[in-house]
Amino acid sequence: MQSNQNIEILFGGSIDTLLENYPSTFSTECLAPVDICWHTVTNRLSYPSLPTVTVKDDAHTLLKIQNVADLNVVINKRRGPEIRDISLTIKGLPDDSLHSEQKDFIYDILRQLMSSGWEHMYRFPAARIPGSESHKLEDAEYVLGEYALIHPWFDPRNEASIEQWMQYSGVYSWLFYQAYSYVNVSVQRRDSQAEPGERGTYLIQIKLMDESSYWRQHFSGEQLNKWQQLLPGLLEQYRQSRESREEKARAAGIEIEESYRDPPIKALDVSPQ
């Protein structure tokens with residue numbers, strides 16, 4: 001399906017209202033045994049005019065993303081018709097553009113998110129090592145011997161050097177929060193066959209989740225039905241793991257961002273701190 005129609009989504013609103021507002025725009029596929037439906041808009045990356053997707057809550061605009069190639073709204077009908085989980089794929093620079101230009105393009109997206117109210121978040125149970133301390137870390141994949149899903153080299157508040165950028169071979173990832181909502185930006189890099197050290201093709205995806213969608217993904221199976229009851233215990237495990245990692249970092253002469261506080265969790269009605 002191809003559409004250059006701009007789309008506005010009310011986060012937390014009903015999927016039925018969204019589909020009524022944009023008839024013939026979304027295609028729907030459901031998996032009946034688990035009561036999950038995927039409502040999608042798919043455009044070719046080469047399409048000359050791609051839509052802008054704006055996501056709002058009752059108070060303000062959460063996201064406004066231009067040149068959206070793919071939009072996916074996931075609805076778990078057992079949890080109701082509310083929109084809680086949105087994924088977008090963005091058209092970036094042309095394939096095999098310079099890595100330096102691709103990096104600049106991606107950091108522009110990150111800065112736009114932060115300027116619109118999204119705050120950098122440390123992924124539990126990672127140590128709170130800010131980008132300003134990243135020069136003390138030599139390995140692109142690990143932090144003091146432990147694999148890092150989100151490496152301090154890529155703190156969005158301190159842009160990584162092109163040398164750091166190229167040393168990394170995993171999926172670049174950034175996590176943000178505001179107003180009990182979470183955004184994960186992920187980027188996959190494929191180096192050019194002709195000039196792998198100079199050029200590459202990048203896939204940029206943004207995932208917006210409400211609080212329950214974000215924390216539910218930390219559980220599986222039967223645990224999902226009682227994630228709120230299990231969450232305090234999980235957070236305590238995360239705190240202990242973070243404390244151990246931060247003690248190791250301090251011993252290595254790395255400063256911890258002591259002022260950072262994890263986002264409050266409305267479902268618990270208390271801060272995770």
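Predicted model only: the values in this text are computed from it and were never measured.
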inquiry  = Quick one about His60 and Gln178 (side-chain donor to acceptor, distance below 3.5 Å, no hydrogens or angles considered), yes or no?
reply    = yes

inquiry  = If the test is salt bridge (charged side-chain N to carboxylate O under 4.0 Å, His left out), which one of Glu133, Glu257, Glu119 qualifies with Arg157?
reply    = Glu257

ask   = Is Asn184 reaching over with its side chain to a backbone N or O of Trp174, donor-acceptor style, under 3.5 angstrom?
value = yes

key: Beyond-backbone contact of Trp38 with Thr28, side-chain heavy atoms, under 4.5 angstrom   = no

query = Is it true that a side-chain atom of His218 and a backbone atom of Tyr214 form a donor plus acceptor pair closer than 3.5 Å?
reply = yes

message = Side chains of Glu211 and Pro263, heavy atoms from C-beta outward: is any pair under 4.5 Å?
response = no

request  = Verify whether one side chain among Ser97 and Arg199 offers a donor that lies under 3.5 Å from an acceptor in the other.
outcome  = no

ask   = Can Glu198 and Ser192 be counted as having a side-chain donor-acceptor contact under 3.5 angstrom?
value = no

inquiry  = Can a side-chain donor-acceptor contact be found between Ser186 and Ser173 if the only test is distance below 3.5 angstrom?
reply    = no

remark   = From the list Glu82, Lys266, Arg79, side chain to side chain donor-acceptor pair (under 3.5 Å) with Ser212 holds only for Arg79

ask   = For Tyr177, what residues pass the ring pair (Phe, Tyr, Trp, His ring centres under 6.0 Å) criterion, not counting sequence neighbours?
value = none

note = For Tyr180, the hydrophobic cluster (side chain heavy atoms closer than 4.5 Å, chained through members) also holds none

inquiry  = Could you list the cluster mates of Leu10? Members are the ILVMFWY residues connected by side-chain heavy atoms closer than 4.5 Å, either directly or through other members.
reply    = none

remark   = Apart from Val171 itself, its cluster of hydrophobic side chains linked below 4.5 Å comprises none

Stepwise side-chain contact (heavy atoms from CB on, under 4.5 Å) test for Thr40 and Phe26 = CA-CA 5 Å; Thr40 62; Phe26 287 83; 5.7 Å; no

ask   = Going by heavy atoms in the side chains, are Ile162 and Met166 under 4.5 Å from each other?
value = yes

ask   = Side chain of Arg189, backbone of Trp165: donor and acceptor closer than 3.5 Å?
value = yes

query = What residues, two or more places apart in sequence or in another chain, satisfy ring pair (Phe, Tyr, Trp, His ring centres under 6.0 Å) together with Tyr168?
reply = Phe154, Tyr172

task = Say whether, by atom type as modelled, one donor and one acceptor occur between the side chain of Ser241 and the main chain of Gln237 under 3.5 angstrom.
result = no

message = Side chains of Arg128 and Tyr122, heavy atoms from C-beta outward: is any pair under 4.5 Å?
response = yes

Trp153: ring pair (Phe, Tyr, Trp, His ring centres under 6.0 Å) partners, not counting sequence neighbours = His151

